[in-house]
Amino acid sequence: MDLDDGSDVVMHDGDVLDSTENYTQATGTSLGSAIKAEHDSRGRIPRPNTLKSVTPALKGAGKKMHSLDLNPGIDVPRPPKFSQLPYATAQTGLVYDVRMRFHVESIPSENDVHPEDPRRIHAIFEAFVHAGLAWREGSEGPSNYYMGRIDTRKVTKDEVRLVHTERHWDWVQSLSTKTAEELVDELQHPGEYRQMDSVYLSPSTPYCAALSAGGAIEACRAILLGKVKNVFAVIRPPGHHAEREDVKGFCFYDNVSIATKACQREFGQRCRKVFILDWDVHHGNGIQQANYDDPNVLYISLHVHQEGRFYPEKSYRDRREPYGDLLHCGEGAGLSTNVNIPWRHAGMGDADYIYAFQQIVMPIATEFDPDLVIIAAGFDAAEGDMLGGCHVTPAGYAHMTHMLMSLAKGRVAVCLEGGYNLDSIARSACAVGKTLMGEPPDRLETFSPTRSGVDDVNMVVRQQSKFWSSLYPKDMSARLAGPLQGERMHDLVRKWQATTLWEEHEMSPLFIHKEKLSKSFDNQVLATPNYTEERPLLVIMHDPPEVLASPDPRTGKIELHNTWLTDIVKTYVNWAVEQGFAVIDVNLPKHVTSDDDAQKHEEVDEVLHRTVEATHLLTYLWDNYIELNDSSHVFLMGTNTGHGAIINFIKANEERAQDRLSKAISFVEDVPLQSCKSPTNDQLQSWYYGASLVFVANEHGFWHSEFARKSRKRFGRLEKSEENTISDMLVANRKAVTDLLLRETEKWRSQRPVGDDEEMAGVSAALPEPVQRGLPPVGNFALSPRGKAISNGNFTSPNGRQARSPRIGSPSKAAPPIANSVLSPRQRPS
Ligand code: Q9C
Ligand code: ZN
């Protein structure tokens, strides 16, 4: 079968459609023979070199369109139907050619249909016909309201070379003469310089890939030549993963980039700046690569990224680092014209996409002011797509299209990329097609973007605000660069908290032995003096208090007068002290101050890392300050990473935890829920279920996961909070927590000796006498637990593990806190 004679040809498929539209059941073999039939019976018209810029005539589907009043072969803009409304009365174009269905799996697997199914393009065309957008022989005659058909053709080698290497072209071409077995072998033994990542091969692959890229080019040309106002190119195989020398992710030629460069070359000033908007759910690594240093091509991609865990990240032959993250902004002259909008979670919906369009896409694109817009239109972010896991509806796609139509005088070429649910892509494509033709988009049903979607968008805004004058607030990191003069607010606040807790409850720092004590760890653990006594002990591992700021809307500047601190945890501490509980308050900094701090402006430390740190800290506290004291009850309470720390601790110390821990209470806002499953102990999970109370934020991803429906028990006793931030949850679920703690301690409370200080506690606000002793202790007074003998006057216990630590520079007027001068329970003589 001679699919490529190397000449520059235009494939006239007008009547092809009549005969091949009947192939509704696409199988490898029937299509294979169909190709042959096509080629034997249909002539190809050589494309004269002298008429380089000739495009084929517009046609209705399957038939030459006499009614369209076109001059075939003459490239002049079609005169407007109505001169006052040239755009409104111009036609939308349609590229569709059944021969692109010939690229199939050479040895189709029995029941496991490949998602990049040849029926994809047919499903879309079929939907266009049924929706009355496109015409086909057999339905009613062509009207002025059908899309006008544009012939596709094979891309030329010269055009492919605008993006890919010669070797790439040669290799793709070579597939046409291979047998099924050879193709399978090719897939399995790709040779040293290439990798076959997520593709299948057939002898028609080079042919279909050429039609697909040619279709993208002709779609754009038809617009630039003024034959149509905009176009929908229903093409396959897709293109945006194909790199200079790599086929990848079902893609062979980077259709959209080839069309971009071909049009820039042909049309010069009339098509100098091209904006490629890629809403395929995957990052278009190929498009990014092909245009990375080109200031005249703006590439914006919205894609699921999952911090580098989503395709195509980690699939590169050169093992490159994440490529679709927000830091990839172009290079050289092209710095700023690459914009990645990576979603950290799947599951994004219309509202997230619209938010991203309003905050990023439209401001940047408007400022860029393109001559042509190409949409790399994968429909795999659509509701129902099995690869994407997102929820974009047809109306969502219509609105995005509508917004993009405000650019480049409406010159929009939509080129199909991915999208694998035949029904979803058909419905989505119809909504886009209608919008192109002038119908207003349908109403949207959801308006609030997800929390993580908003975070993702705002991160990109901050990054891109460096390059685009229309984006605010500007990134402050430039001002933070260099050695910082000043204090991190976190450290100031914790110091203030320590002062207050000292003044109100005599809480003072416990000694934490750390090899390298960071400033952020000062005052991190504060305890009431009675923490070793026989009374309930509440240990709270919490996030730093939340800051509520109303920043300057233009500069984003946060100032002291527009900023508030919400410290709800404090109300729990107060309550517990009132009840006569001992309290250990543990602050888990989100950032640990280090020496090179000033150098980089970094994001909040990774959750995993912080959880590990918190686990170390909790284990240390348990070993040295909790386990061996006389507490009647031990309650652990944790927020976010504190929750992770509690679970990790329990799993690593099953027996000790079950022995001593009365209740574990967690508040989970935006970290993953952890299960308390032990590989060795079946009991642990049910023990934890009985001993826990876990409040989970209303919009936490867990509620959408499969775990939420089944096997919930291993996550403990879950409560869906009405609220979404830790502060709000702490307020809303406070009574549930205090009730639980009161129930648990009922016996102890009824048996407390009369005359106990806090006897009246709980009845009224019988707080212990406020202690007025000036400053809280400086440094720490507690025991150094790990036998680091510290300077003068200390003794080392016989086992060499414990030592009394010195008082350091304590103001003499302040009496040392009681707790810190007693021995740690471990050391008490038995
Ligand atoms: N573990 C487009 O949507 N998935 N391509 C491979 C390998 C490949 C998607 C998973 C998805 C490719 C155009
Ligand atoms: Zn995709």
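All heavy atoms count here, side chains included; hydrogens, waters and symmetry mates do not. Just so you know, ligand 1 is whichever comes first in the structure, and atom 1 is the first atom listed for that ligand.
Test Ile375, Val256, Ile276, Asp278 against Cys415 for side-chain contact (heavy atoms from CB on, under 4.5 Å) and you get one pass: Val256. Here the rule is side-chain hydrogen bond (donor to acceptor under 3.5 Å, both in side chains) with His283, and of His303, Gln288, His305 only Gln288 fits it.
Salt bridge present: Arg309 and Glu307 bring a charged side-chain N and a carboxylate O closer than 4.0 Å. By the 4.0 Å N-to-carboxylate-O rule, Arg344 lies close enough to Asp456 to be salt-bridged with it. The pair Asp246-Lys248 fails the salt-bridge criterion, with no side-chain N (NZ, NE, NH1 or NH2) lying under 4.0 Å from an Asp/Glu carboxylate O.
Thr152 places a side-chain N or O within 3.5 Å of a backbone atom of Leu211 that can act as its donor or acceptor partner. The main-chain N or O of Gly330 is found under 3.5 Å from a side-chain atom of Tyr292 such that the two form a donor-acceptor pair.
Between His168 and Trp171, the ring-plane angle classifies as tilted under the 30° and 60° cut-offs.
Among protein atoms, those of element N, O or S found less than 2.8 Å away from the Zn ion (ligand 2) are Asp280 OD1, Asp280 OD2, His282 ND1, Asp380 OD2.
Taking a 6.0 Å sphere around CZ of Arg319, one finds it holds 12 or fewer heavy atoms contributed by other residues, nucleotides or ligands.
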Distances for all N or O pairs of ligand 1 and the protein under 3.5 Å?
unit_1: ligand 1; atom_1: 3 (O); unit_2: His282; atom_2: ND1; d: 3.1
unit_1: ligand 1; atom_1: 3 (O); unit_2: Asp380; atom_2: OD2; d: 3.0
unit_1: ligand 1; atom_1: 3 (O); unit_2: Tyr420; atom_2: OH; d: 2.5
unit_1: ligand 1; atom_1: 5 (N); unit_2: His241; atom_2: NE2; d: 3.3
unit_1: ligand 1; atom_1: 5 (N); unit_2: Gly249; atom_2: O; d: 3.0
unit_1: ligand 1; atom_1: 5 (N); unit_2: Tyr420; atom_2: OH; d: 3.2

